[in-house]
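Contents: one structure, followed by commentary.
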Amino acid sequence: MDNVSDLGFFVLLARSGSLAACAQQLGVTPPTVSKRLAALERRLGVRLLNRSTRRMALTPEGEAYVADGTRLMEELNALEQRVAAARDTPRGLLRVQATLGFGRRYVAPLVSQFMQQQPDVDVLLQLSDKPPTRDQPHHDVMVRVGPLPDARWNARRLAPNRRVLVASPLYLKQFGEPRTPAELHQHRCIVIRQDDDTFGTWHLRQAGRTETVKVRGRCSTNDGETAMAWALDGHGILLRSEWDAAAYVRSGRLQRVLPGWSFPGADIVAVYPTQQNLAAKTRAFIDFLADSLADKRAGRRGEAGGW
């Protein structure tokens with residue numbers, strides 16, 4: 001009885017035709033129904049039923065309450081069905097955020113393919129290299145590269161990734177190739193400036209030991225594609241994602257530098273607000289990204305000179 005709204009209760013009472021019949025459907029006693037009706041009339045400040053020992057009749061106010069209430073309940077039921085259907089069928093607006101470089105090169109084309117497969121889903125794609133914060137505007141899913149700044153985020157790894165040092169053959173011919181991390185101090189390095197606290201600081205690992213190097217160079221930028229273009233032009237050594245650098249290494253336009261050293265993980269992850277009750281559009285997009293990136297990685301490894 002407590003789970004039945006006042007409106008639902010009164011519509012049921014009017015359709016039942018008597019307090020006793022309504023009580024039977026609700027599984028309570030007639031006095032309980034009478035008390036509920038009295039409380040409803042007190043709250044509304046009007047009489048909804050004229051009742052006697054033998055029959056009851058709707059007042060004009062009661063008739064309006066039933067007529068308009070029935071319509072409202074039908075609209076509410078239709079709304080709930082539409083909302084519930086979102087769990088099963090991808091539809092509606094999907095808000096996606098991705099990093100600038102990876103977003104342009106990989107996420108944007110995959111969004112295009114996804115929309116071709118899901119005609120009932122619209123996509124708003126925003127590109128930004130600013131790390132997500134808990135109070136930022138809502139996104140259904142964010143595609144990030146590297147570790148999450150906040151452990152409270154829910155995330156799924158879409159594809160493995162690593163960062164590598166690369167330079168053009170022109171640069172290495174002119175300035176030589178560093179053999180140890182310490183020698184990076186003597187080289188021109190291209191730095192992607194996204195966080196002033198770690199600007200130009202590279203952490204290299206090998207055999208359980210870590211070396212931290214503060215590098216410098218003539219050019220820096222907050223845009224990864226610009227930094228890559230400078231590296232291709234021979235302006236210095238660049239630390240970049242494997243996904244961005246692999247094609248240039250395979251073609252010979254870039255070469256690996258210090259290949260025996262590794263960097264902190266940079267996996268590609270999908271970040272979303274909750275583990276529970278994900279909308280079908282969000283689940284479908286995350287699954288599509290994971291499958292598509294796995295196919296791209298497999299194809300890339302199958303090419304000659306793959307990583």
Side-chain angles (χ1 to χ4, degrees), residues 90 92-119 121-150 152-164 166 190-199 219-232 238-248 263-274 278-279 281-297 300:
L93 178 63
L94 178 69
R95 300 172 180 86
V96 181
Q97 186 195 68
T99 54
L100 287 171
F102 192 83
R104 289 194 193 103
R105 179 170 295 185
Y106 294 103
V107 178
L110 291 178
V111 164
S112 177
Q113 297 174 29
F114 178 76
M115 287 191 296
Q116 291 173 356
Q117 293 185 10
Q118 303 292 345
V121 178
D122 299 329
V123 178
L124 170 61
L125 174 62
Q126 294 182 324
L127 301 181
S128 173
D129 276 331
K130 292 183 179 179
T133 60
R134 299 291 294 186
D135 57 353
Q136 73 181 80
H138 172 70
H139 293 89
D140 297 297
V141 59
M142 291 174 284
V143 182
R144 310 298 303 176
V145 178
L148 298 179
D150 191 328
R152 293 174 296 174
W153 288 103
N154 298 292
R156 172 181 169 183
R157 188 175 82 155
L158 298 174
N161 184 41
R162 56 179 172 163
R163 292 189 172 97
V164 293
V166 292
I190 301 170
V191 179
I192 300 177
R193 186 166 193 159
Q194 295 173 345
D195 187 339
D196 289 338
D197 293 335
T198 58
F199 172 59
C219 49
S220 61
T221 179
N222 70 334
D223 180 61
E225 292 191 9
T226 298
M228 182 65 75
W230 289 342
L232 292 168
L238 173 66
L239 177 63
R240 196 62 183 148
S241 168
E242 170 191 353
W243 280 79
D244 294 321
Y248 297 115
F263 293 83
D267 288 343
I268 301 159
V269 296
V271 184
Y272 41 93
T274 178
L278 273 181
K281 61 185 179 182
T282 306
R283 293 197 312 270
F285 184 65
I286 293 174
D287 291 342
F288 177 80
L289 285 179
D291 293 342
S292 299
L293 293 176
D295 291 342
K296 288 182 179 295
R297 182 175 175 82
R300 190 180 64 195

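Heavy-atom basis, side chains included; hydrogens, waters and symmetry copies ignored.
Closest of all the heavy-atom pairs between Arg105 and Trp243 is NH1-O, 4.1 Å. Closest heavy-atom contact between Asn161 and Ala266: ND2-O, 2.8 Å. Of all the heavy atoms in Leu127 and Gly103, the pair that sits closest is CD2-CA, 3.8 Å. When all heavy atoms of Ala245 and Val166 are compared, the closest pair comes out as CB-CG1, 4.1 Å. Ser292 and Leu110 get closest at one heavy-atom pair: CB-CD2, 3.6 Å. Between Gly101 and Glu225, the closest heavy-atom pair is O-OE2, 4.1 Å.
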#### Entry: Check against side-chain contact (heavy atoms from CB on, under 4.5 Å), Met228 and Thr221
CA-CA 10 Å; Met228 182 65 75; Thr221 179; over 6 Å; no
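Distance check, rounded to the nearest 0.5 Å: CG of Asp140 to CZ of Arg283 gives 12.5 Å. One finds the CG atom of Asp223 at 5.5 Å from the CZ atom of Arg104 (value rounded to the nearest 0.5 Å). For the atom pair CZ (Arg144) and CG (Leu158), the distance works out to 12.5 Å, reported to the nearest 0.5 Å. Note that CD of Gln97 is 10.5 Å distant from CG of Leu124, once rounded to the nearest 0.5 Å. The CG atom of Asp267 lies 11.5 Å from the CZ atom of Arg162; values are rounded to the nearest 0.5 Å. Distance check: Thr282 OG1 to Arg95 CZ gives 10.0 Å after rounding to the nearest 0.5 Å.
Each of Thr226, Ile190, Val191 was scored for a side chain to side chain contact (heavy atoms under 4.5 Å, CB included) with Ser220, with one residue passing: Val191.
You'll find the side chain of Tyr272 reaches within 4.5 Å of the side chain of Arg156, heavy atoms only. Annotation: side chain of Arg240 is in contact with side chain of Ile192 (closest heavy-atom distance under 4.5 Å).
Phe288 and Phe114 have tilted rings, their planes meeting at an angle from 30° to 60° on a 0 to 90° scale.
The existence of a salt bridge linking Lys281 and Asp122 is excluded, since no basic side-chain nitrogen approaches an acidic carboxylate oxygen closer than 4.0 Å.
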